[in-house]
Number of protein chains: 4
Amino acid sequence: MPVASRPAPTFTETARRAQLIEAAIDTVNEVGYHRASLAEIARRAQVAKSAVLYYFPSKEALLLHVVEHVFTALDERLVVAVAAASGAVDRLRTYAETYIDYVDTHRSELTAGLEIVVSHRTPDGTPLYLTGAEEDTALLRRILGEGMEQGLFRRMPLRTAVDIVEAVLDASATTLQRDRHADLAPFRDQGVAVLMAGLAAPTRS
Amino acid sequence: MPVASRPAPTFTETARRAQLIEAAIDTVNEVGYHRASLAEIARRAQVAKSAVLYYFPSKEALLLHVVEHVFTALDERLVVAVAAASGAVDRLRTYAETYIDYVDTHRSELTAGLEIVVSHRTPDGTPLYLTGAEEDTALLRRILGEGMEQGLFRRMPLRTAVDIVEAVLDASATTLQRDRHADLAPFRDQGVAVLMAGLAAPTRS
Amino acid sequence: MPVASRPAPTFTETARRAQLIEAAIDTVNEVGYHRASLAEIARRAQVAKSAVLYYFPSKEALLLHVVEHVFTALDERLVVAVAAASGAVDRLRTYAETYIDYVDTHRSELTAGLEIVVSHRTPDGTPLYLTGAEEDTALLRRILGEGMEQGLFRRMPLRTAVDIVEAVLDASATTLQRDRHADLAPFRDQGVAVLMAGLAAPTRS
Amino acid sequence: MPVASRPAPTFTETARRAQLIEAAIDTVNEVGYHRASLAEIARRAQVAKSAVLYYFPSKEALLLHVVEHVFTALDERLVVAVAAASGAVDRLRTYAETYIDYVDTHRSELTAGLEIVVSHRTPDGTPLYLTGAEEDTALLRRILGEGMEQGLFRRMPLRTAVDIVEAVLDASATTLQRDRHADLAPFRDQGVAVLMAGLAAPTRS
DNA sequence: CATGAATGAGCATTCATTCAT
DNA sequence: AATGAATGAATGCTCATTCAT
C-alpha cells in the first residue's frame, strides 16, 4: 500500500511520458546530445515543444530520466542474472554476458543513455559519471573485489578493474553507434573471453 | 618548384593558432564540449571572438584541428615506438604502453580530444569516429592482424579486437576526466597486463 | 418580475470567486503583479489553472475584479463615514482617517489593489488609473470643491488637490508594502495632520 | 588619472547605450514595465534584440541602468540646489521645488524611472524600493531631521515625514503619467505650499 | 462543476558568424 | 593583423487560454 504523496499518474500521463522518453532517445541517437533540442524532441514526438515541458519539468529532467530509465533496467537485469551464478568467475562472466545481451536487445536505449552520460554536464561543469558513480558500479565492485580476495582474479586496485571491465562492455555500445544494425555476437563472445582471460589470476610458472 | 597554394604561414600565425588550440583544449576540459563556445575559447585565449574566426574558418574547424593535433602527435609517437619492437606480442605491448604513457604526459590534450571525438557531430548528425576510422587505426590493425595470423593472438574479427584494445586504452583518459591528477601507473601496469593476457591465444589444455 | 440576464450565482460560485480573489490578492502581495501568473494564483487557491478561468473570463478580469472588490468596499465605507460628518473640514478629516483606517484593517487587499492599479495596463498600454478616474474620486472632489468654495481650503485646481490628498493617503499602503506589519498609527496621526494643516486656507497676516 | 580597470568605452558604445536607455524609457512609458520586453525596446531603438544584450548584460541590467541614470541625476541636482539654501525651512522648500522642476523638465525619464522602481522585483520578489532606501533619501532625511530638531517642523517619526514628502513630490510624476503634456505649474505651487504649511510646526494658540 | 491535456505566442538569452575598419 | 559592432537563428522555458470530458 504505497502512500501517494502525489496523485497516481493518469493513463495518458504514463503513455505520454513513455512516448517522450522514446522520442528523446531517438533524437539523441540521430543528432547527438549536443543537438538534441526540445524542438527536435517535440518534433519526433509529434507534439508541441510546450507539451514536453508539461510532462517533464525541464529538458534536463527528461534526459536524466532517460538515463535513469535505461540504467535502472540494466542494473536490475544484472542483479537478477548474477544472483543465479555462483563463484566470482562465473558471476563475472554472467555479468559481462548479461550486460552485452542487454545492450544487444536495447540498442537505441543504451547508445542514447551512454551518450547522455558522457556528454551531459551539471551547470557547474561536472560530468554525469562523477555523481553517484559508487553506487552505480556497486555490483561489479563486489564481484571483482570478492574474486581478487579469493585469488581468482589478477590483483589490482578495484577502481582500475572496474574501469577496464566497463570500458570493454561499453565498447559494445560504441560498436552500435557506428552501425546500429551491427551483429554483436562476435563482440559478446570475444569481448567476454578477453575479459575473463585477462582478469584471471596469472598462473605461477 | 612547389606550387604555393596558400602562402607560408607567418610566425605569428603559427603561434596564434597554437595558442587558440590550447585555449580550445582548456575550454573543453573545463566546461565540456557542449558548453565550449567561441566566446569561452576567446576569453581563455585573451583575444576577441572574431580573432578566433580569423585564424580558423569556423568553430567546428578549430575543434577538428584540436582532434587532428592531438591524435596525429599520438600516432606519430606510436609509429616510432612500435617500429623499435619486434614480434606482434612485443609490438602490441609497446603500442599499449606508449599509448597510455602519451595519455599520461599529455593529459589535457587527450581528454579534450576524446571528448570532442565522442561529442562532435557533423551537421547531418554523423559522429566523428565514423569518418576516416580505417586509417586512424591502421597501425593497431596491422599489429593485431599480424599477431592473429601467426597464431599469437586469440582469433577474432579484426574490428572486434581493435575495439577492445582501444576501449581499454581510452579508459585511461576517462580516468583522467574523473581526476585530472590521477596516478595512471596502476592503470598502465594492469590495463596492459589484462590486454596481453586477454588477447593471448588460448593454450590447448 | 426581474429579467435574469444571467442566472443568480450559486452558493459555491460566490464562494469560489471570493476564494480566487483572495488567492489573487495573496499572490500579488507575495510575488508582485509582474509575476502573479494564473498558475501561481491557482496553486494558492488549491485549484487547477483552468478552474480560475471557469469563474473568471480571463486573468485580467480576475485582477480587475480584485481592484473593484477592494475599492468599492473602501468607497462605501468612506461614503458612510463622511455622511456622518458636517462641514468640509470635518468631512475631509473623516475621509482621510477612514481611508487610512481602512488601509490599516485591510492591509493585504489594499496593497494588492494598489499594486494592480499601478502596474496593470490595457492591451494598448493605457494604465488603469486613467479609466473611470472621475467617478472614483467623486466623493473627495465634492469635499474639496465645497471646502474651497467656502474659503476653508487653500484655493487650487481641484485635480491638484485631489492628487495631493490621494498621494498622501496612498502612501499609507506604500508603508505596508515595505513592512506588512508596520504600525500605521503615526502615519494616520501625522499624515492627516499634515493634510489638514497644509490644505487649510492660509490666514492673512 | 582614473585607473581604467576596463577599457574606456568607445564613442559608439556610449552613443548606443544612451540610445538604448532612451528606447527603454520610451518603451516603459508607452506600454508599461510589464510589457516592456526586449523585443519592444529593440524595435524602438531600431536594432536587433541581440544588440541590446550586446551593450547590456541583461534586460534587467538595462532597466536598472535607467533607474540609476534618472535618480542619480535628480539627486545631484537636489544636492546642489539645497546646498545654496540656508535653514531647514528654506532647504525643504528648495528641495521640493527642485524636485518638481526636475520632474517637469525630465518628464519621460522620471515617469519611466518611477514605474520601474515600483514594478520591478528581484528574483526573490523583493521590490526595488526596499533595497538601499536609506541612502536614496539621505538628503531629505537630513533636512527633515534637522528641521524637527530645531522645532521648525511638526514632530513625527522621520520615516513618516519622508514618506509624506516623497508621496506628494512623486505625485507630480503621476500627474504626468496621466497626461504627459500636463502643466506642472499648479502642482509645483500648490503642492509645495501644502507641504510647507502642513509640515510647519503647529503654533501654540 | 472542474479538470487534465495541450498548445501557440512570446519571453530573455546564447551563439556562431559577418563585416567594415 | 585584429577587432568591435551587429545580427539572425535557435534555445529552453513561461504563460494565458482552449477544449474535451
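Proteins come first, then strands; the chains are lettered A, B, ... in the order of their sequence lines, and each starts at number 1. Keep in mind it's a predicted model, so treat the numbers as computed, not measured.
Side-chain contact between A:Phe71 and A:Asp136 is absent, with no heavy atoms from C-beta onward closer than 4.5 Å. In this structure, the side chains of B:Glu30 and B:Arg44 come closer than 4.5 Å at one or more pairs of heavy atoms. Using a 4.5 Å heavy-atom threshold, the side chains of C:Thr27 and C:Arg43 count as separate.
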- Message: Walk along nucleotides 16-21 of chain E from 5' to 3' and tag each nucleotide B, S or - by protein heavy-atom contact under 4.0 Å, base first, then sugar-phosphate.
- Response: BBBB--

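A salt bridge does not link B:Glu13 to B:Arg16: none of the charged side-chain nitrogens sits closer than 4.0 Å to a carboxylate oxygen.
Between B:Phe11 atom CZ and F:dA1 atom P the separation is 14 Å, expressed in whole Å. Rounded to whole Å, atom P of F:dA6 lies 20 Å from atom CZ of D:Arg43. The distance between atom CG of C:Leu20 and atom P of E:dC1, rounded to the nearest whole Å, is 14 Å. D:Arg16 places its CZ atom 12 Å from the C1' atom of F:dG4, with the value rounded to the nearest Å. Rounded to a whole Å, the CD1 atom of D:Ile41 is 12 Å from the C1' atom of E:dC11. Straight-line distance from the NE2 atom of B:His34 to the C1' atom of E:dC15: 12 Å, rounded to whole Å.
By the 6.0 Å contact criterion, CZ on D:Arg35 is enclosed, its count of non-hydrogen atoms from other residues, nucleotides or ligands being greater than 12.
Of the candidates E:dG8, F:dA6, F:dT3, E:dG8 carries the atom nearest the A:Ala48 side chain, counting heavy atoms from C-beta on.
Comparing B:Gln46 and A:Glu40 against DNA chain F, the residue whose closest nucleotide sits nearer the 5' end is B:Gln46. Judged by closest nucleotide on DNA chain F, B:Thr12 is the one of D:Thr10 and B:Thr12 placed further toward the 5' end. The 5' end of DNA chain E is approached more closely, in terms of each residue's nearest nucleotide, by A:Val47 than by the other of A:Val47 and D:Arg35.
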- Query: Could you spell out the base pairing of DNA chain E in dot-bracket, with Watson-Crick or G-U pairs whose two distances are under 3.5 Å, [ ] crossing and | to another strand?
  - Reply: .||||||||||||||||||||

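Looking only at atom types and distance, the side chain of C:Ser108 has no donor-acceptor partner in the side chain of C:Asn29 under 3.5 Å away.
Considering only side-chain N and O atoms, C:Tyr54 lies under 4.0 angstrom from the phosphate OP1 or OP2 of E:dC1.
A donor-acceptor contact shorter than 3.5 Å is absent between the side chain of A:Thr126 and the backbone of A:Thr122. Under a 3.5 Å cut-off, the side chain of C:Glu115 and the backbone N or O of C:Tyr33 do form a donor-acceptor pair.
Residue C:Glu60 forms a side chain to side chain donor-acceptor pair (under 3.5 Å) with just one option from C:Arg121, C:His120, C:His65, and that option is C:His120.
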